[in-house]
**Q** 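Can you read through this structure? Questions will come right after.
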Number of protein chains: 2
Amino acid sequence: MVHGNPSRPRLGDVAVAAGVSTATVSLVLRGVAGPSVATAQRVLAAAEQLGYRPDRAASALASRRSRTIGVALDLSNPFHADLTLAIQDAALRQGHEVLLATVTARQDENATAETLLDSRCAALILLGPRGPVPELERIGRQVPVVALGRPLISEQVGVVRSADDTGIALAVRHLVDLGHRRIAYVDGPPGEVADIRRDGYRRAMADAGSSRWTRVVPGGQTEDDGRAAAPAVLRASGRSVPTAVVAFNDRCAVGLLAACAEAGVGAPADLSVVGFDDSALARLPQIGLTTVAQDVRSLGEHAVAAAVRRASGDGEIGPEVVVPPHLVVRSTTAPPGR
Amino acid sequence: MVHGNPSRPRLGDVAVAAGVSTATVSLVLRGVAGPSVATAQRVLAAAEQLGYRPDRAASALASRRSRTIGVALDLSNPFHADLTLAIQDAALRQGHEVLLATVTARQDENATAETLLDSRCAALILLGPRGPVPELERIGRQVPVVALGRPLISEQVGVVRSADDTGIALAVRHLVDLGHRRIAYVDGPPGEVADIRRDGYRRAMADAGSSRWTRVVPGGQTEDDGRAAAPAVLRASGRSVPTAVVAFNDRCAVGLLAACAEAGVGAPADLSVVGFDDSALARLPQIGLTTVAQDVRSLGEHAVAAAVRRASGDGEIGPEVVVPPHLVVRSTTAPPGR
DNA sequence: TTGAAAGCGCTAACAT
DNA sequence: ATGTTAGCGCTTTCAA
């Protein structure tokens, strides 16, 4: 880059301006005890006046650490946007910067993590990582890693997640309270998250005394998956058709809703539908999806805290953090018709 | 970070393994001519075998440049997600990495750009930057900057954008063809983009011979803004009520649609609505918004190309790139009722 | 074709 | 309380 970066001021420039050594400037700027108040003020003034900004790359190189937290997300997932915003906020409040990298068809989870690694992030937060555990552990051996939203047991990887089973139970209980008995569940993509939610569904149904009627329909995590699940949900006749459905997540629920509407099955008149995440999607007036809301703020806060704790190596690494979700009732649920 | 980063292999390690100097390894790995094919192969093999990955920070520090493109986006804007995905793809194809940073309530455009700058990005792509031009130029003096989606004239800032006026004209023409005459426009937030789209609306109306009836209603760029615009759109009685509306963007259109529906005004039966962007929002079956689609792929490609060109300093910087949009007709437009 | 050596901008002992 | 002096991992002249 021949580009005209009029070489921004460096530590040395500040040192000269303040009439001290670079070491002193470094100490002052990092708030390390030592320099006298007088020099500190001179240095601060000089830095301010020159518009000095430390070079993270150089700093990271020299100190073998950084205050940058890398986040790997899937931009096509609206819920990830919410999570990331929360993480960014929490990180800023805790004095850290955030760098994002997105998973795409061309750049898988691994490559995304590597990109972040190459930029010397102090720690990585992976949103809903789907790759094999050994893979995650491999990354975890190179840098502190926190998996957000995926339950897994590993020394190498920190975990922050919502209580998915509780969340599904809230949804089922809500439907049961409305009078529903035949409540189906549209499954998610293979993985621990789907396992927990599915189990949560089965247990909640059993707890509600409705264990005789359960139905798990194959689904997925995108709108298309939800759409594809519709026939299986609506199939069968008479009393065997569900009056309500809990979907793996909001996107899935939205696809399901669309397909049902096309089939002449309206929500909540003919079918109650509950989603999971409370993403921006669910909040759209046109959708108005009753859904299990994950506490995004708390998840972000804990994820950053865990990442920082692991990165600084002090204190206990601590067990996984499980955040309770809550139900948000909107307009896709109602008492069963007839 | 005391963390157990088992110090990944360094250039020196590869050099030792291959029995050459670090200088040679550096040359080979960067594909610089010089080393013989034989040494090159040995080096490549050694690097591969050790799982060597260059340290971007060190590399950037030493070479005073990087192959990382920083993108500043607003995660709460679904269209930005689409754009970013396209940019990521294009960058990868052109051999560059992408780092993202999001604008939030706490971290404004400026701070976001600085974060990216601190990580030594070779260039910045700002998605729909809203800050004052001098501000952008200040950043542009420090690093090559490309503004995506905002028309502005400046030596310091490259511009890649859609032909917004043409886009609006497509929308108006579509409505006119359907038989609409009273077509209103819901404005966007203050700025060049809104100016161009508004002018496009006025011109298109004039071209359609409908210049006598025009109406520009204050709006904005979020769902709430669209929602707030509804009363003004629906106000007035008799023949003075519009039969169709073009909104500044999809989010605005979606909010407007919701408010209209609540007021008993259905689309497209009572009112046709056209959005702008063709974001994921518009594609939702529940929304099915007729909208002006920006060519995301092309915009991303050009933005990256412009950023790289500016960063490498070779070739002409070139004028702004304007990409033609096209109309996507879905289900919120139809001939006027009655 | 290859290697030696001097930095890039910063941090971190170790001196003073 | 402050300065000196090595590096961090890489690139890049300049010599060989």
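A, B, ... follow the sequence lines: proteins, then strands. Residue 1 opens every chain. Computed from heavy atoms alone, side chains included, the values below leave out hydrogens, waters and symmetry copies.
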**Q** Could you check how far CG of B/L29 sits from P of D/dT12, rounded to whole Å?
**A**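 It is 13 Å, rounded to the nearest whole Å.
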
**Q** Looking only at the side chain of B/R10 (C-beta and beyond, no hydrogens), which of the listed nucleotides D/dG9, C/dT2, C/dC10 gets closest?
**A**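 The answer is D/dG9, which lies nearest to the side chain.
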
**Q** Would you say a side-chain N or O of B/R64 is under 4.0 Å from OP1 or OP2 of C/dC8?
**A**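 For C/dC8, OP1/OP2 do not have a side-chain N/O of B/R64 under 4.0 Å.
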
**Q** What nucleotide among D/dG9, D/dT4, D/dT11 has an atom nearest to a side-chain atom of A/A23?
**A**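 Side chain of A/A23 sits closest to D/dT4.
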
**Q** Rounded to whole angstrom units, what separation is found between the CG atom of A/L61 and the P atom of D/dG7?
**A**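 The distance from CG of A/L61 to P of D/dG7 comes to 14 Å, rounded to the nearest Å.
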
**Q** Touch check for A/R56, heavy atoms < 4.0 angstrom, all strands: base, sugar-phosphate only, or nothing?
**A**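 No contact at all - A/R56 keeps every heavy atom at 4.0 Å or more from the nucleic acid.
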
**Q** Grab the CZ-P distance between A/R8 and C/dG9 for me, whole Å please.
**A**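 For the pair A/R8 CZ and C/dG9 P, the rounded distance is 11 Å.
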
**Q** Do the side-chain N or O atoms of A/S36 get closer than 4.0 angstrom to the phosphate oxygens (OP1, OP2) of D/dT2?
**A**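 Yes, because at least one side-chain N or O of A/S36 sits under 4.0 Å from OP1 or OP2 of D/dT2.
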
**Q** What is the distance, rounded to the nearest whole Å, between atom CG of B/D55 and atom P of C/dC10?
**A**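 It is 16 Å, rounded to the nearest whole Å.
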
**Q** Can you identify which nucleotide, out of D/dT2, C/dT11, D/dC10, has its nearest atom closest to the A/P35 side chain?
**A**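 Taking heavy atoms from C-beta onward, the closest nucleotide is D/dT2.
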
**Q** When you measure from the side chain of A/A62, which nucleotide among D/dC8, D/dT11, D/dT2 comes out closest?
**A**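 Closest nucleotide to the A/A62 side chain: D/dC8.
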
**Q** Could you state the atom-to-atom distance from CZ of B/R120 to P of C/dC8 in whole Å?
**A**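 Checked: the CZ to P distance equals 11 Å.
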
**Q** With a 4.0 Å limit, can you tell me whether A/S21 has a side-chain N or O closer than that to the phosphate oxygens OP1/OP2 of D/dG3?
**A**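 Result: yes.
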
**Q** If I take atom CG in residue B/L11 and atom P in nucleotide D/dC8, what distance separates them, rounded to the nearest angstrom?
**A**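 That distance rounds to 13 Å.
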
**Q** Give a yes or no on whether a salt bridge exists between A/D118 and B/R53, defined as a side-chain N under 4.0 angstrom from a carboxylate O.
**A**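 Answer for the salt bridge query: yes.
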
**Q** Start with the C-alpha distance between B/D108 and B/R130, add both sets of side-chain angles, then the distance that settles salt bridge (Lys or Arg N to Asp or Glu O under 4.0 Å), and finish with yes or no.
**A** CA-CA 10 Å; B/D108 68 10; B/R130 317 230 336 95; over 6 Å; no

**Q** Check the side chains of A/T104 and B/Q88 for a donor-acceptor pair under 3.5 angstrom, ignoring hydrogens and angles.
**A**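 The criterion, which ignores hydrogens and geometry beyond distance, is not satisfied for A/T104 and B/Q88.
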
**Q** What are the two closest non-hydrogen atoms of A/L136 and A/V157, and how far apart are they?
**A**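 Answer, listing the atom of A/L136 first, then A/V157: O-CG2, 4.0 Å.
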
**Q** Between the side chains of B/R161 and B/E320, is the shortest nitrogen-to-carboxylate-oxygen separation below 4.0 Å, so that they form an ion pair?
**A**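 A salt bridge is present here (some side-chain N lies under 4.0 Å from a carboxylate O).
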
**Q** Between D/dC10 atom C1' and A/D118 atom CG, what is the distance in whole Å?
**A**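 So the CG-C1' distance, A/D118 to D/dC10, works out to 13 Å.
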
**Q** Quick check: on DNA chain C, is the nucleotide nearest A/S26 upstream (toward 5') of the one nearest B/L27, or the reverse? Name the residue that is more 5'.
**A**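 The residue whose closest nucleotide sits nearer the 5' end is B/L27.
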
**Q** Counting only side-chain N and O atoms of B/T39, is one of them less than 4.0 Å from OP1 or OP2 of C/dT2?
**A**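 The answer is yes; a side-chain N or O of B/T39 sits under 4.0 Å from OP1 or OP2.
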
**Q** Using a heavy-atom cut-off of 4.0 Å across all strands, would you classify B/R30 as base, sugar-phosphate, or nothing?
**A**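 Base contact.
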
**Q** How many whole angstroms separate atom CZ of B/R42 from atom P of C/dT1?
**A**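 That distance rounds to 14 Å.
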
